[in-house]
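Per chain, numbering begins at 1; letters A, B, ... match sequence-line order.
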2 protein chains.
Amino acid sequence: MTAAPLGTKTRILDAAEKLFGKNGFEETSLRDITAEAQVNLAAVNYHFQTKESLIDAVILRRLEPLNRKRMEMLDAAGETPSVEQIAEAFLAPLIEVDIPNVAPLVGRVFSNPAQFAVRVFLKELAPVVRRFDQAIAAAVPALTPEERFWRLHFMAGAMTHMLAMWDVLPMMTSLPIHPVDRGAVVRQMVQFVAAGLRAPLVAKPPAELDKERT
Amino acid sequence: MTAAPLGTKTRILDAAEKLFGKNGFEETSLRDITAEAQVNLAAVNYHFQTKESLIDAVILRRLEPLNRKRMEMLDAAGETPSVEQIAEAFLAPLIEVDIPNVAPLVGRVFSNPAQFAVRVFLKELAPVVRRFDQAIAAAVPALTPEERFWRLHFMAGAMTHMLAMWDVLPMMTSLPIHPVDRGAVVRQMVQFVAAGLRAPLVAKPPAELDKERT
DNA sequence: GTCTATAACCGGATAGAC
DNA sequence: GTCTATCCGGTTATAGAC
């Protein structure tokens, strides 16, 4: 059952990752973490100085390789990837991540406005967004920069919601989706998002179109 | 500037709504709230007993009328609404809500897995979801129940992300979207989501399709 | 209904022995 | 590097005067 004994630092990171994802950053105390990791309370401050820098360490340990994978998948799709390939490169690495506890953690990171959105986004995510934005521009040249901005965030939102709600989704339906097949979700999502990215441009408010019809 | 003097209870609700949306539930203390509301600390416990039941009161005060509006818009779209009408009824009332501070509050509610997702969702949101699911089934009969489930949550995720990220979105782009035109966002979102709802069904994993092409 | 004062507790962080 | 013990500020909640 127990693998090679992990170092204290790694045990803290693993425990924090699990509890942060499950209960949130602010609602998880260092005491919760050290209890879960079975290490001493003071070890956290010795290895990570403050709670905030522990949070950053927990996030960056996972986010960096995941974003690298996204870039690699997009690169592997060639010069002019289809919207399906773009969507899959953006979504699959995060949805299908096979490390336990990571999906809800990343979901929390991406749905917290002030806390990290700025501090993590600008530093770690901006290049990824720029790269995917360029790919979308090439795949759907009719889109204006504003339209690409919105659609890229619609795609990100659909993904974030899945990551964050992963564990509670089965409770929201009577359908037999326990446990969720992540490959199937990616395929559904790629299909949905690709159609959205290719959607005709907005001309008039839909409300006005409805009025004209009557 | 100051309107008719509000009651203590209302001032607490307003202050809590603002701070919960801005900083989160757990990270907002009752002291923060009473300072913002300019009422005494003990007034919170007198009117709401505990912090948790204050949170519920803050949420339900806004969520109930918003969900009623969504239902009314869907009803107003007639017997068999188009996917555009379904999307607009689902999205517009929340995105275009004109009460200050409510958008980020609702965004936080919808992106918190455990905290309320179950306790609020099952009680307050389940009928709404059921109603929209039926409408989607009528508008796109080819979809299986599972596919409707996923696509409905993709739509919800795109919306939630917009609500939660509202105030920080301008920091994530160099485009001139300050302050965000919410009507325009709804139109963009309806277009995106409607295309996603109408997307062709998933047959094979996109990865396999890519392999076949080479 | 509204206030002051305080109880009772929990949080992050650190000092200092080993 | 790891432990125990502790500091200290902030938290919810309540008792009791007005």
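Between the P atom of C:dG11 and the CD1 atom of A:I33 lies a distance of 11 Å, rounded to the nearest Å. Rounding to whole angstrom units, CG of residue B:D32 and P of D:dG10 are separated by 11 Å. If you measure from atom CG of B:N23 to atom P of D:dT11, you get 12 Å, rounded to the nearest angstrom. If you take CD of B:E26 and C1' of C:dG12, they are 15 Å apart, rounded to a whole angstrom. Between the C1' atom of C:dG12 and the CZ atom of A:F25 lies a distance of 17 Å, rounded to the nearest Å. Rounding to whole angstrom units, CZ of residue A:F48 and C1' of C:dT14 are separated by 18 Å. Between A:K9 atom NZ and D:dG1 atom P there is a gap of 9 Å when expressed in whole angstrom units. Rounded to whole Å, the distance from CG on B:N40 to C1' on D:dA13 is 13 Å.
The only option from A:R70, A:K69, A:E64 that meets the side chain to side chain donor-acceptor pair (under 3.5 Å) definition with A:N67 turns out to be A:R70.
A distance-only check finds no donor-acceptor pair linking the side chain of B:N112 to the backbone of B:V109 [under 3.5 Å]. Checked by atom type and distance alone, the side chain of B:R182 never pairs as donor or acceptor with a backbone atom of B:E96 at under 3.5 Å. Of the possible polar contacts, none joining the A:T160 side chain to the A:F110 backbone as a donor-acceptor pair under 3.5 Å is found.
Toward the 5' end of DNA chain C, the nearer of the two residues B:T8 and A:N45, judged by each one's closest nucleotide, is B:T8. Place B:E27 and A:A43 on DNA chain D by their nearest nucleotides, and A:A43 ends up nearer the 5' end. Comparing A:R31 and A:Y46 by the nucleotide of DNA chain D whose heavy atom lies nearest to each, the residue mapping closer to the 5' end is A:Y46. Residue-to-nucleotide proximity on DNA chain C shows that, of A:Q49 and B:A42, the 5′-proximal contact is made by B:A42.
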Distance-only donor-acceptor hits, side chain of residues 165-173 of chain A, under 3.5 Å, sequence neighbours excluded:
from, atom 1, to, atom 2, distance (Å)
A:T173, OG1, A:L175, N, 2.9

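A cation-pi geometry, defined here as NZ or CZ lying under 6.0 Å from the six-membered ring centre and within 45° of its normal, does not hold between A:K9 and A:Y46.
The aromatic rings of A:F25 and A:F20 are tilted relative to each other, their planes meeting at an angle between 30° and 60°.
Of the candidates D:dC3, C:dT4, D:dA13, the closest approach to any side-chain atom of B:L30 belongs to D:dA13. Residue B:L41 has its side chain nearest to D:dA13 when only D:dC3, D:dA13, C:dG12 are considered.
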What pattern of brackets, bars and dots sums up DNA chain D from 5' to 3', given Watson-Crick or G-U wobble pairs under 3.5 Å, [ ] for crossing pairs and | for another strand?
-> |||||||.||||||||||
